[in-house]
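Encoded as structure tokens, the structure appears first; notes follow it.
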Amino acid sequence: MSDFTLGLVGVGKIVRDQHLPAIAATPNCHLVATADPHASLPDLPAYQGLEAMLDVHPDITAVAICTPTHLRYSQARAALMRGKHVLLEKPPGATLSEVEDLIACAKQQGVSLFAAWHSRFAPGVAHAQQWLADRQVQRVEIEWKEDVRVWHPGQAWIWQPGGMGVFDPGINALSIATEILPQPFFLQQARLLVPSNAQTPIAAELSFTDPEGAAIAAAFDFRQSGPPTWDMHVESSDGSRLSLTQGGCCLMIDGELVVEAEEREYQGLYARFAELVANRRSEVDVAPLRQVADAFLYGHRETTDAFIE
Ligand code: NAP
């Protein structure tokens, strides 16, 4: 596979925790520079913005956009218009319309656009998808709960429009569900609990169904203390039960352990990006973002206690 040079846009928590080790493990991806108004990385040229980075480094062929979501569109579009391949951290945009425009833009420019749903690269997901492919789903229970102070420390943007609140992690669950469930599913009801000093929910309860009437329930909560719960249980009409737990690291089918592996999602994600870049192909699935948009469109909103960091 051919080599490519990368510029990172936004040097925050996810870049330090996940992108850097994954890039280091991707032999054909060469990190050249970063763009962030304040943060930088040791021994790497750093610029305060994307344009400045690309002006000085015309050799950069691809960028990974890892800034807060409301900045995704303008930065991705600027990079695409300069002929760069673009990896979009999840969620791929603040709105569906802007993602659609990015897809058109990438096509017009003949470059790769990759909506990186990292949770789909969890070790148990592909096997779960295969197992469910020819089954009829009867019931699904999704629980995605984590402590916002641990996973999003000081991130004020998460409470602002476009920040998505608890849907920022919740969309990871939806990215798995839209990948593994054999039928499309649709929102029936949603309850969104929004802190009195925020624009986005701290917790959400969602009910969906599919064309065959499956009961699909999801509970997202940012108020968890202790370890996170990132679990999904699926019952099929033949009485079998699949459990994908620990964010997809562990897969059990009918009580038998099928997959238990270390989390290495971002390595898989960069390997896929490298493949897409080599073939100038794009991969942008908006299904998880559409589910979130539907929840905001159709959910009951209730005000709850103010969130104090
Ligand atoms: P973060 O820690 O707030 O990092 C974002 C970085 O972008 C900050 O350093 C921020 O600088 C910088 N930035 C702000 N404006 C910029 C601009 N105009 N140009 C370049 N950089 C700019 O957030 P994060 O947790 O890394 O999340 C970033 C994205 O990744 C989000 O969309 C999130 O949904 C996604 N993600 C996060 C996680 C996670 O577990 N945290 C997991 C997967 C995906 P300032 O702080 O100075 O504003």
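Counting starts at 1 for both ligands and their atoms, following the listed order. All figures in this text were calculated on a predicted structure; none of them were measured in a lab. Sequential numbering from 1 along the given sequence is applied to the chain's residues.
Considering only non-hydrogen atoms, atom 29 (C) of ligand 1 lies nearest to Thr67 out of Thr67, Leu50, Val11. Summarising the contacts of atom 16 (C) of ligand 1 with Pro37, Pro92, Ser74, the nearest heavy atom is found in Pro37. Comparing heavy-atom distances from atom 9 (O) of ligand 1 across Val9, Asp17, Asp36 singles out Asp36 as nearest.
Within a 6.0 Å radius of CD in Glu256, other residues, nucleotides and ligands contribute 12 heavy atoms or fewer.
Salt bridge absent: Arg281 and Glu283 never bring a charged side-chain N and a carboxylate O closer than 4.0 Å. Using a 4.0 Å cut-off between charged side-chain N and carboxylate O, Glu143 and Lys145 make a salt bridge.
Using a 4.0 Å heavy-atom cutoff, Ala35 is listed among the residues neighbouring ligand 1. Judged by the shortest distance from any of its heavy atoms, Gly154 lies outside the 4.0 Å radius around the atoms of ligand 1. Note on ligand 1: Arg16 sits outside its first shell, no heavy atom being nearer than 4.0 Å. Under a 4.0 angstrom heavy-atom cut-off, Gln75 registers as being in contact with ligand 1.
Here is the list of ligand 1 atoms found below 4.0 Å of a heavy atom in Tyr266: 43 (C), 44 (C). The contact set between ligand 1 and Thr69, taken as ligand atoms under 4.0 Å from a residue heavy atom, comprises 32 (O). Contact atoms of ligand 1 toward Trp151: 41 (N) (distance under 4.0 Å to a heavy atom of the residue).
At a 4.0 Å heavy-atom cut-off, ligand 1 touches Arg72 through the side chain alone. Within the 4.0 Å heavy-atom criterion, the part of Asp168 lying near ligand 1 is the side chain and not the backbone. At a heavy-atom distance under 4.0 Å, no atom of Pro169 approaches ligand 1. Looking at Trp157 against ligand 1, only its side chain comes within 4.0 Å, counting heavy atoms. Proximity of Asn172 to ligand 1, defined as any heavy-atom pair under 4.0 Å, is not found for any part of the residue.
For atom 42 (C) of ligand 1, the closest non-hydrogen atom on the protein side is Ile14 CD1, 3.2 Å. Closest to atom 1 (P) of ligand 1 among all protein heavy atoms lies Gln155 NE2, 3.5 Å.
Counting protein heavy atoms under 4.0 angstrom from atom 48 (O) of ligand 1 gives zero.
Looking at His118 next to ligand 1, no N or O pair under 3.5 Å apart turns up. Taking distance alone, with nitrogen or oxygen atoms compared against 3.5 Å, Lys13 approaches ligand 1 more closely than that limit.
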